[in-house]
Amino acid sequence: ATTYGYMMAAYGRARQWEKIDALFCEMTDIGLKSLGSTFNVVIGAYGKGGLWTKMEEALDSMVAAGCTPDTFTFNTMIDAYGKGSQFRSMERTFERMRSAGCPGDILTYSSLIHAYRKAGQFEKMEKILDQMQIAGCKPDVTAYSLLIDVYGKRGMLKKMEATLQEMQEAGCKANIVTYTGIMDAYGKAGKYEEMERVWKIMKDLSLQPDYSAYVATISAYGRCGMYDKMETRFHELEEAAKEMRFGGPKLGTAAYNVIIDAYGKGKLIDQMESAFEVMQTTGYRPDVITYSALINAYGKAELLEKMDSTYVMMRVKGVSPNEHTYSALIDGYGKLGMVEKAEAVLDEMLKAGIKMNVVAYTSIINAYGSAKRFQDMAERFGALKGTGTEPSCETIGVLLTALCSCRLHEEVLALLNCIRSCKGFGV
RNA sequence: UAUCAUUUGAGAUAAAU
């Protein structure tokens with residue numbers, strides 16, 4: 001049964017679900033009894049693949065086979081549902097776990113907190129934190145790092161610092177992940193001195209920064225246009241990478257992506273292009289993020305030919321575009337006043353099997369607004385809303401901006417109706 | 001005999017106002 005477990009785990013990683021099914025049947029055929037861990041493997045594999053029904057079925061057969069799902073089993077399911085944004089099912093599973101008398105452990109609570117962070121449900125996260133305390137479950141480094149990251153990302157820097165303090169008082173040592181979360185928070189809050197202070201503390205503790213730590217600081221400097229500091233840190237990374245045990249080609253690509261995006265956002269097209277050149281001559285392969293960043297920069301700079309040729313190059317190299325790529329293209333065409341072309345890209349995105357998302361949707365609406373086609377804008381908004389994608393604050397911002405430059409009575413009414421149809425704007 | 005080896009948790013880079 002253990003052998004079968006190994007095989008099923010391997011097939012799960014390779015996303016070959018039919019093979020798992022086949023092995024499972026084979027076990028029954030030869031009269032080999034599954035262990036609890038066998039079911040856990042199957043549940044975990046289906047969960048990672050988002051095959052929710054299959055996962056639930058595996059749980060049912062586990063019970064039918066006389067194995068009792070334990071904390072491990074439920075943790076696997078809870079985490080899978082959280083990562084797949086199936087929050088209702090996740091909560092249901094947590095309930096089931098409790099009514100089965102299965103105690104939650106630190107992994108259960110960490111997964112739940114992580115899920116609510118992803119969902120942006122801060123209040124629910126705090127509730128889980130309380131429950132965790134009541135259950136007498138003490139946070140470990142991972143849980144503390146997660147909490148520190150959540151507070152940092154919400155700009156609650158005082159709370160973040162207090163949590164670090166609490167962690168250290170509890171005798172829990174901060175690691176590289178903890179410090180990266182803190183530096184990222186300071187960087188995003190524009191507190192570069194604080195960020196450097198943490199960098200120094202980390203070095204003094206002889207914690208070697210890894211790629212994530214470098215990239216967090218490089219991107220902080222890139223975002224605010226401190227290009228000298230950005231380049232300096234990048235060169236430090238190049239030196240440090242020679243000594244790093246885990247420095248694959250993907251990580252080098254990520255570092256170059258940051259530089260390319262920083263120059264692109266700063267409209268320094270020449271610098272951006274030379275970074276792209278160096279990246280390739282150094283042997284790092286551009287990925288979907290690289291191309292999306294380039295396309296975005298060319299679109300914003302209204303360099304139509306370069307935007308188009310980058311997209312072609314990407315396809316030639318066999319890199320598949322994702323929602324970021326398509327949204328950047330849609331926005332680029334919109335900014336260039338090419339609404340029909342933007343619509344064509346949206347079609348292509350849907351044909352490629354990528355789901356409609358609020359950014360692509362807002363970009364399209366914005367394209368009509370920039371072209372002063374307000375009636376079309378309202379119509380398009382209605383159609384998009386019908387597809388089930390909820391508008392965001394940014395969408396409403398686009399509608400409001402358009403409303404301000406509206407002259408005709410009917411157009412004003414049409415746009416007002418759009419805004420009124422949004423949650424919280426009914427008045 | 002020992003060691004290692006199957007299943008669950010944390011951080012960084014790309015899109016819209």
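Keep in mind that this is a model prediction, so the values were computed, not measured. Per chain, numbering begins at 1; letters A, B, ... match sequence-line order.
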## Note on the structure
Applied to residues 136-148 of chain A, the salt bridge (Lys or Arg N to Asp or Glu O under 4.0 Å) test, sequence neighbours excluded, yields none

### Task
Please collect all salt bridge (Lys or Arg N to Asp or Glu O under 4.0 Å) contacts where either partner lies in residues 205-222 of chain A, sequence neighbours excluded, each pair once.
none

### Which residues share a side chain to side chain donor-acceptor pair (under 3.5 Å) with Tyr186(A), sequence neighbours left out
Glu161(A)

### Task
Starting at atom OH of Tyr326(A), determine the distance to atom P of A14(B), rounded to an integer number of angstrom.
20 Å

### Message
Using the side-chain heavy atoms of Asn366(A), tell me which of these nucleotides is nearest: A16(B), A10(B), A14(B).
### Response
A16(B)

### Query
Taking 4.0 angstrom as the limit, do Arg380(A) and Glu343(A) come out as a salt bridge?
yes

### Task
Please confirm whether any donor atom in the side chain of Asn322(A) sits under 3.5 Å from an acceptor in the base of A15(B), or the reverse.
no

### Task
Have a look at Ile330(A) and say if it touches a base, only the backbone sugar-phosphate, or nothing, with a 4.0 Å heavy-atom cut-off.
nothing

### Query
In a check of ring pair (Phe, Tyr, Trp, His ring centres under 6.0 Å) between Tyr81(A) and each of Trp52(A), Tyr46(A), Phe94(A), which one passes?
Trp52(A)

### Phe381(A) CZ - U17(B) P separation (whole Å)
16 Å

### Task
Step by step, work out the side chain to side chain contact (heavy atoms under 4.5 Å, CB included) result for Met195(A) and Tyr221(A).
CA-CA 11 Å; Met195(A) 186 178 81; Tyr221(A) 289 131; 3.6 Å; yes

#### Entry: Atom-pair distance (CG on Leu207(A); P on G11(B)), nearest Å
18 Å

### Task
Both distances under 3.5 Å, Watson-Crick or G-U wobble: on that basis, could you give the dot-bracket string for RNA chain B, with [ ] for crossing pairs and | for other-strand partners?
.................

### Query
When the ring planes of Tyr361(A) and Phe381(A) are compared, do they come out parallel, tilted or perpendicular, using 30° and 60° as the limits?
perpendicular

### Phosphate OP1/OP2 of U17(B) contacted by Lys335(A) side-chain N/O (<4.0 Å)
yes

### Message
I'd like to check the side chain to side chain donor-acceptor pair (under 3.5 Å) partners of Thr217(A); sequence neighbours left out, ordered by chain and number.
### Response
Arg233(A)

#### Entry: Pairs where residues 10-23 of chain A contributes a residue and the test salt bridge (Lys or Arg N to Asp or Glu O under 4.0 Å) is met, not counting sequence neighbours
Asp21(A)-Lys54(A)

### Message
The side chain of Ala328(A) is closest to which nucleotide in this list: A15(B), A16(B), U13(B)?
### Response
A15(B)

### Query
Can you check whether Asn296(A) has a side-chain N or O nearer than 4.0 Å to OP1 or OP2 of A15(B)?
yes

### Query
Is there a donor on the side chain of Thr178(A) or the base of A10(B) sitting less than 3.5 Å from an acceptor on the other?
no

### Query
When all nucleic acid strands are considered with a 4.0 Å heavy-atom cut-off, which category describes Asp287(A): base, sugar-phosphate, or nothing?
nothing

### Message
Whole angstroms only, please: what is the CD-P distance between Glu323(A) and A16(B)?
### Response
13 Å

### Summary
Met202(A) CE to G11(B) C1', in whole Å, measures 12 Å

### Task
Round to the nearest Å and state the distance from Asn357(A) atom CG to A14(B) atom P.
16 Å

### Query
If you look at every strand shown and take non-hydrogen atoms under 4.0 Å, does Lys118(A) touch a base, only sugar-phosphate, or nothing?
nothing

### Message
Suppose the criterion is salt bridge (Lys or Arg N to Asp or Glu O under 4.0 Å): which pairs have a residue in residues 103-115 of chain A, not counting sequence neighbours?
### Response
none

Distances under 3.5 Å between protein N/O atoms and the N/O atoms of nucleotides 5-9 of chain B, please, pair by pair.
residue, atom, partner, partner atom, Å
A5(B), N3, Tyr6(A), OH, 3.2
U7(B), O2, Asn40(A), ND2, 3.4
U8(B), O4', Thr76(A), OG1, 3.2
U8(B), O2, Asn75(A), ND2, 3.0
G9(B), N1, Asp140(A), OD2, 2.9
G9(B), N2, Ser110(A), OG, 3.0
G9(B), N2, Asp140(A), OD1, 2.6
G9(B), N2, Asp140(A), OD2, 3.1
G9(B), N3, Ser110(A), OG, 3.3

### Message
Expressed as a whole number of angstroms, how long is the span from Ile260(A):CD1 to A12(B):C1'?
### Response
16 Å

### Message
With the six-membered base ring of A14(B) as reference, does the ring of His324(A) sit under 5.5 Å away with planes under 30° apart?
### Response
yes

### Message
Could you work out, with ring pair (Phe, Tyr, Trp, His ring centres under 6.0 Å) as the rule, every residue matching Phe39(A), not counting sequence neighbours?
### Response
Phe24(A)

### Nucleotide nearest Asp261(A) (side chain, heavy atoms from C-beta), chosen from A16(B), U13(B), G11(B)
U13(B)

### Query
If you check the Ser212(A) side chain, which of A10(B), A16(B), A12(B) turns out closest?
A12(B)

### Message
Categorize Val258(A) for me: base, sugar-phosphate, or nothing, with a 4.0 angstrom heavy-atom threshold over every strand shown.
### Response
sugar-phosphate

## Note on the structure
To the nearest angstrom, the NZ-C1' distance between Lys188(A) and A12(B) comes to 7 Å

